[in-house]
Amino acid sequence: MKKILGLTTAAMLFAAPAFGAVITIEFAEEGGETISYAFDDSTMTVTNLSTDESFPYTYDEAAKTVCGEAAAGKICATFENTGEEVGFTTPYTNTEGAKGTATITAVE
């Protein structure tokens, strides 16, 4: 679930700068692992870059919350702030109680 949470959180945290953009977000959980996900806003799918697992996601811009449903179940992440430039970093929390930092590492 941690891997799913990280991915979902990444997608929702950061607003895509343009239609069809793919944003890669690295989620660094406090005291835990770091996972990167690629969010494709043209297909509304997110991909775990470690496992290549892809699944759909939704994003609530007003709530700064992203949710995704992978094989392990649904997970949501809420970001403190949103951004769209490479290097942007913000704290996040997820529905499993995990906290950490999300950083945009690429925008295509």
Side-chain angles (χ1 to χ4, degrees):
M1 288 298 278
K2 289 180 184 178
K3 291 180 179 164
I4 294 170
L5 175 61
L7 174 58
T8 303
T9 304
M12 299 308 169
L13 174 60
F14 305 95
F19 183 77
V22 176
I23 298 175
T24 302
I25 301 171
E26 178 183 87
F27 292 89
E29 187 176 314
E30 290 179 356
E33 62 187 310
T34 298
I35 302 168
S36 293
Y37 293 92
F39 294 84
D40 186 335
D41 75 341
S42 67
T43 62
M44 295 304 290
T45 58
V46 60
T47 302
N48 178 324
L49 297 180
S50 296
T51 65
D52 285 332
E53 176 186 16
S54 294
F55 50 90
Y57 76 89
T58 59
Y59 179 61
D60 181 335
E61 189 173 350
K64 302 178 197 166
T65 300
V66 61
C67 295
E69 188 151 354
K74 183 176 181 176
I75 190 162
C76 297
T78 300
F79 302 93
E80 188 173 298
N81 297 297
T82 60
E84 57 187 41
E85 296 182 7
V86 171
F88 175 81
T89 300
T90 187
Y92 75 89
T93 58
N94 69 34
T95 52
E96 294 182 336
K99 296 179 181 184
T101 303
T103 302
I104 296 176
T105 59
V107 177
E108 301 173 25

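Just so we're clear, the structure is a prediction, and the values are computed from it rather than from any experiment. Only this structure's heavy atoms are used, side chains among them; waters, hydrogens and symmetry mates stay out.
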Side chain to side chain, Thr90 and Thr82, heavy atoms closer than 4.5 Å
no

What's the separation between atom CD1 in Ile23 and atom CD in Glu108, rounded to the nearest 0.5 Å?
10.5 Å

Approximate separation, where rounding is to 0.5 Å, of Ile75 CD1 and Glu96 CD
3.5 Å

Side-chain contact test, heavy atoms from C-beta onward, threshold under 4.5 Å: evaluate it for Cys67 versus Lys74 and give yes or no.
yes

Are the side chains of Asn48 and Phe55 in contact, using a 4.5 Å heavy-atom criterion?
no

Nearest heavy-atom neighbours spanning Val107 and Glu84
CG2-O, 3.6 Å

Nearest 0.5 Å, what's the OH-OG1 distance between Tyr92 and Thr103?
10.0 Å

Looking only at heavy atoms, what is the nearest atom pair of Ala71 and Glu53, with distance?
N-OE2, 3.3 Å

State plainly whether one hydrophobic cluster holds both Ile35 and Val86, where clusters connect Ile, Leu, Val, Met, Phe, Trp and Tyr through side-chain heavy atoms under 4.5 angstrom apart.
yes

Between Tyr57 and Asp41, is a side-chain contact (heavy atoms from CB on, under 4.5 Å) present by the stated rule, with each step listed?
CA-CA 9 Å; Tyr57 76 89; Asp41 75 341; 3.9 Å; yes

Taking side-chain hydrogen bond (donor to acceptor under 3.5 Å, both in side chains) as the test, write out the residues that go with Thr45, two or more places apart.
Thr43

Can you sort out the partners of Ala106 under side chain to side chain contact (heavy atoms under 4.5 Å, CB included), two or more places apart, ordered by chain and number?
Thr24

Return the CD to CG distance between Glu26 and Leu49, rounded to the nearest 0.5 Å.
10.5 Å

To the nearest 0.5 Å, what is the distance between OG1 on Thr101 and CD on Glu80?
9.5 Å

Polar side chain donor-acceptor pair, Thr78 to Thr65, under 3.5 angstrom:
yes

Between Asp40 and Val22, is there a donor-acceptor pair closer than 3.5 Å when you use the side chain of the first and the backbone of the second?
no

